[in-house]
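Have a look at the structure below before the remarks.
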Amino acid sequence: MNKKLLHGLNKESSIPYALSTVSAGFPSPADDYIEHNLSLTDLLINNHLSTFLMKASGDSMIDVGINHDDILVVDRSLEAKNRDIIIAILEGSLTVKRLLIKTDGSILLKSENPLHANIQMSEMAELEVWGVVTSSIRQFIK
């Protein structure tokens, strides 16, 4: 994973927000007016001082919609819970995986792509959770 952290979503800017929904199936008529403005910062970030943006690398999480070069919104103030998608530090490197805590207390870092192996944490290994992924941002045109 690219270790470069992108920080700086503290700028307050908002974008016009149309309250009508967009059908991903059968088309529906759209409203021709904007109801109010929406701040992406307010939408995506709860804890400004502890939230960072990171770029995903690889395809081990594609089955949950995290693709190569997506921007991950990561909150370091959240305590990781079972089934959260986390940024973990393993042997000095950052990785994004799903945290699975089994009933016996063992921990598995699950890849969300069957082509990638899961990581079973041994009892001797210490898992360091760097942060919890709260959102993923994908650009279609760069």
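Note that the coordinates shown come from a computational prediction; the quantities given were computed from them, not determined experimentally.
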Spacing of [atom1] belonging to [X] relative to [atom2] belonging to [Y], to within rounding of 0.5 Å:
{"X": "K110", "Y": "R83", "atom1": "NZ", "atom2": "CZ", "value": "7.5 Å"}
{"X": "K97", "Y": "N118", "atom1": "NZ", "atom2": "CG", "value": "8.5 Å"}
{"X": "L100", "Y": "I119", "atom1": "CG", "atom2": "CD1", "value": "11.5 Å"}
{"X": "D75", "Y": "F52", "atom1": "CG", "atom2": "CZ", "value": "9.5 Å"}
{"X": "T41", "Y": "N46", "atom1": "OG1", "atom2": "CG", "value": "11.5 Å"}
{"X": "D70", "Y": "M54", "atom1": "CG", "atom2": "CE", "value": "13.5 Å"}

Shared hydrophobic cluster for [X] and [Y] (ILVMFWY, side-chain gaps under 4.5 Å):
{"X": "I101", "Y": "L90", "value": "yes"}
{"X": "W130", "Y": "V96", "value": "yes"}
{"X": "I89", "Y": "L127", "value": "no"}
{"X": "I45", "Y": "L53", "value": "yes"}
{"X": "L78", "Y": "V133", "value": "no"}

Between I87 and L72, does a side-chain contact (heavy atoms from CB on, under 4.5 Å) hold up when you go through it step by step?
-> CA-CA 10 Å; I87 304 297; L72 305 178; 4.1 Å; yes
Short side-chain donor-acceptor distance under 3.5 Å, [Y] and [X]:
{"X": "S77", "Y": "S50", "result": "yes"}
{"X": "Q120", "Y": "K102", "result": "yes"}
{"X": "D63", "Y": "N113", "result": "no"}

Quick one: side chain to side chain donor-acceptor pair (under 3.5 Å) partners of S106, sequence neighbours excluded?
-> D104
For residues [X] and [Y], determine if any side-chain heavy atom of one lies less than 4.5 Å from a side-chain heavy atom of the other.
{"X": "V74", "Y": "T51", "answer": "no"}
{"X": "L99", "Y": "L109", "answer": "yes"}
{"X": "I137", "Y": "L44", "answer": "yes"}
{"X": "R98", "Y": "V64", "answer": "yes"}
{"X": "V129", "Y": "D84", "answer": "no"}
{"X": "I62", "Y": "E112", "answer": "no"}
{"X": "I141", "Y": "Q139", "answer": "no"}
{"X": "I85", "Y": "I66", "answer": "yes"}

So, [X] side chain and [Y] main chain: donor-acceptor pair closer than 3.5 Å or not?
{"X": "D42", "Y": "S39", "result": "no"}
{"X": "R138", "Y": "G65", "result": "yes"}
{"X": "H116", "Y": "S111", "result": "no"}

